[in-house]
Amino acid sequence: MAIDKSKPAIASGTYIPALDGLRAVAALLVVAFHARIVSGGFIGVDVFFVLSAFLITGILQREISQTGAIRLSRFYLRRLARLGPALAFLLAGYIAFAPLIWPSHPHLFDAMLAGLYVSNYSFALFKEPLYLQHTWSLAVEDQFYLLWRLLLPVLMRARIPILWLGAAYVAVICWRASFGDDWASYYYRADTRASGLIIGAALALYLHRLTFTPVYAWTGIGAIIVAAAFGEFGPTSATVFPVAEIGAALVVGAAAHGQLGRLKIALCAPIAIRLGKLSYGIYLWHYPITVALRPWLDGVTLFGAVLVPSVALAWLSFVTIERLPMMIGTRVDLKARRAVIPTGQRP
């Protein structure tokens with residue numbers, strides 16, 4: 001049976017505060033990992049993958065349902081308006097200050113790799129960009145969506161889409177396993193890290209057919225905690241990817257259905273929501289700051305010393321250079337919705 005387009009994903013047009021709370025959890029895990037106080041904190045990236053694919057697939061699904069197609073120019077402009085200014089701000093700051101800290105490194109080349117969204121494969125193959133290494137995850141998402149916006153309309157016309165998604169998920173896991181102990185080659189690549197993106201996309205497409213309870217949410221957050229606590233960066237990293245991915249999907253699904261139970265208190269706390277809204281900027285800024293401070297600080301002290309300026313710079317970026325493009329993007333979306341939703345049927 002094809003996907004029922006008359007029942008779009010619950011979260012496709014509704015803001016869910018708890019998802020910002022989950023973003024905050026993911027960002028803090030990554031910062032804690034790079035500060036070397038949470039061994040498996042790298043799984044915060046897997047949580048981001050699930051969340052991002054869930055939300056983007058919901059947006060694209062709604063657009064296909066309303067217009068029968070994805071307007072590629074609007075899709076790319078919207079993504080650029082959301083993500084481009086913050087990345088440009090980071091790269092400008094990096095180019096300005098990195099030569100003062102690491103004078104002999106080719107910083108312009110690193111910034112170019114990050115700005116072109118190819119740092120995942122360049123790092124897997126050549127170990128560059130060194131001080132912007134964390135931008136590999138941005139590249140993974142960008143490369144995935146280059147294909148996904150083309151594949152999704154085809155998938156939505158398939159007879160049983162979940163079979164194709166399930167086969168793709170298994171194929172990614174098997175392909176990743178084929179690298180054996182060469183974990184540095186599979187860790188950063190889009191073709192070996194797409195499993196979380198596939199799970200997030202599948203959740204968005206089938207959310208209206210699934211039932212969640214608070215037990216699922218607690219199980220999911222428990223899985224994320226276990227993966228973060230017991231994961232090890234290295235040859236065994238891949239063993240915790242599925243745990244974190246499935247855990248994130250359980251929390252996201254429960255949040256979308258309003259079935260978080262008491263977990264909602266934590267994920268919807270004002271500070272969690274605020275950090276979640278700034279999580280992209282925090283992620284962008286934290287890594288070069290971490291690497292710069294590591295020679296003098298470590299552990300919890302390093303975590304605090306990195307988090308404070310990262311939050312400050314993320315906030316500055318959010319309220320200045322990111323605000324205008326986001327406002328323009330919202331107006332574009334509203335105009336598009338008025339063009340496809342008949343009068344009297346607008347929400």
Give the ring-plane orientation class for [X] versus [Y], where under 30° counts as parallel, over 60° as perpendicular and anything between as tilted.
X	Y	result
Phe48	Tyr283	perpendicular
Trp136	Phe49	perpendicular
His107	His105	tilted
His34	His286	parallel

- Query: When the aromatic ring centroids of Tyr131 and Tyr287 are compared, is their separation below 6.0 Å?
  - Reply: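 Not close enough - the centres of the two rings lie 6.0 Å or further apart.
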Are there more than 12 heavy atoms of other residues, nucleotides or ligands under 6.0 Å from atom [atom1] of [X]?
X	atom1	answer
Asp298	CG	no
Ile271	CD1	no
Trp315	CH2	no

- Chi angles and distances behind the side chain to side chain donor-acceptor pair (under 3.5 Å) call for Tyr280, Glu322: CA-CA 11 Å; Tyr280 176 55; Glu322 295 178 56; over 6 Å; no
- Task: Quick one: closest heavy-atom pair of Tyr121 and Ala190, and the distance?
- Result: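 Looking at all heavy atoms of both residues, the closest pair is OH-N, 3.4 Å.
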- Item | OG on Ser119 to CZ on Phe126, rounded to 0.5 Å | 13.0 Å
- Message: Is there a path of hydrophobic side-chain contacts, each under 4.5 Å between heavy atoms of I/L/V/M/F/W/Y residues, joining Val118 to Leu90?
- Response: no
- Query: Val170, Val172: one ILVMFWY side-chain cluster at the under-4.5 Å cut-off?
  - Reply: no
- Consider only side-chain N and O atoms of Glu245 and Ser195, and report whether a donor and an acceptor are under 3.5 Å apart.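 A pair is found: one side chain offers a donor N or O, the other an acceptor, under 3.5 Å apart.
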